[in-house]
There are 2 protein chains.
Amino acid sequence: MEIFDPTADRAKEMLDAYARADVMAADCPSRPVLQHLTSRWGVLVMAALATGTHRFSELRRRIGGVSERMLAQTLQQLEGDGFVLRRDYGEVPPRVDYSLTPLGEGAAVHLVALASWIEANFPAIAEAQAALSAPADRSVPASA
Amino acid sequence: MEIFDPTADRAKEMLDAYARADVMAADCPSRPVLQHLTSRWGVLVMAALATGTHRFSELRRRIGGVSERMLAQTLQQLEGDGFVLRRDYGEVPPRVDYSLTPLGEGAAVHLVALASWIEANFPAIAEAQAALSAPADRSVPASA
DNA sequence: GTAAGTACCTACATAAATGTTAGTATACCG
DNA sequence: CGGTATACTAACATTTATGTAGGTACTTAC
């Protein structure tokens, strides 16, 4: 039909951007979101916040190995995606705390599940790692 | 008591390495595993393999944007952790296929859940992103 | 008064991830 | 024969991620 309709373009946009989010597509806008959540510190920040509201320095101590810079950056990314809520009390010395938004909680569930699964199954994983690095012969037995 | 016991050291090692896997600890051996699974391509490879066995080139086509190099490297990491099984038919031209091990399936469940959640909730995420970048005023209203 | 704590940011430096290109041995298609 | 496909690897280039050090403005504890 192709009749001109001012709403058609918008409808198409919404379909592209909303209805068809596909992480397998290289240029899907969901890719950056996935990366924020699965980034080195993203997972751990989300998991830490899944236990409740925390201040910046609390998170920093809780998450072993994060630098201030990385923690700040990660929190900003997650805030920008609407997963984390930042509350600034405007006091001095500074006081700010972070918590998950409802959206963030939805995502955190899966990240916590993953982290827990790894912790719980680490014995098996370590075993597999050892078994795979040990065997010298990985080639097909020669007929000779 | 501290009585010498040849099994004591080993038991302690096992406790350290196995029983207490804690992703929040900077030097926990579970950290690299978490990173392999949540790496840019790791998630997508696991998700792709969650749908069944695939050949290398099939995965490459399915996962938008992976280079051969990255796909190969990611598969090797996941194989090294015991999540992926590589089967080489020893034919020429080469034929190899990949599938999840039972361990891999356990992990994949959570990664697929995460990816699906993002796809399903992308409308809300995009909305949040837009809402957060729009507001010009994020500071506390001055009393003046 | 000195040190430490708070929640950051900026600039700089380095490490890690990722991409690009070329190459391998062989088979199949036309 | 020329081109394509397969499953890679190695070398090299580049982009991205991450870390480090120093600074801020002020408070509390010693």
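- Looking at B/L75 and B/F56, their side chains come closer than 4.5 Å, going by heavy atoms from C-beta outward.
- Rounded to whole angstrom, the span from the CZ atom of A/R61 across to the C1' atom of C/dA4 amounts to 12 Å.
- Taking atom OH on B/Y89 and atom P on C/dA25, their separation rounds to 25 Å, with Å as the unit.
- Atom CZ of B/R87 is separated from atom P of D/dT6 by 19 Å (rounded to the nearest Å).
- Only at 4.0 angstrom or more do the heavy atoms of residues 44-54 of chain A sit from any atom of DNA chain D, so none qualifies.
- Distances shorter than 4.0 Å separate some side-chain N or O of B/R55 from OP1 or OP2 on D/dA7.
- Counting to the nearest Å, the P atom of D/dA7 and the CD atom of B/E91 are 10 Å from each other.
- Between B/S57 and B/H54, the side chains place no donor N or O within less than 3.5 Å of an acceptor N or O (distance only, hydrogens not considered).
- Here A/D88 pairs with A/R86 in a salt bridge; the nearest charged N to carboxylate O distance falls below 4.0 Å.
- When every heavy atom of B/M46 is checked against every heavy atom of B/A107, the shortest pair comes out as CE-CB, 4.2 Å.
- Residue A/D81 comes nearest to A/V33 through the heavy atom pair OD2-CA, 4.1 Å, listed as atom of the first residue, atom of the second, then distance.
- Contact between A/P94 and A/R55 at its shortest, heavy atoms only, is O-NH2, 3.5 Å.
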If a protein heavy atom is under 4.0 Å from the base, mark B; if only from the sugar-phosphate, S; if neither, -; do that for nucleotides 8-18 of chain C going 5' to 3'.
BB-B------B
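- Using a 4.5 Å cut-off on side-chain heavy atoms (C-beta onward), B/L49 and B/L59 make contact.
- Using a 4.0 Å cut-off between a side-chain N of Lys or Arg and a carboxylate O of Asp or Glu, A/D97 and A/R87 qualify as a salt bridge.
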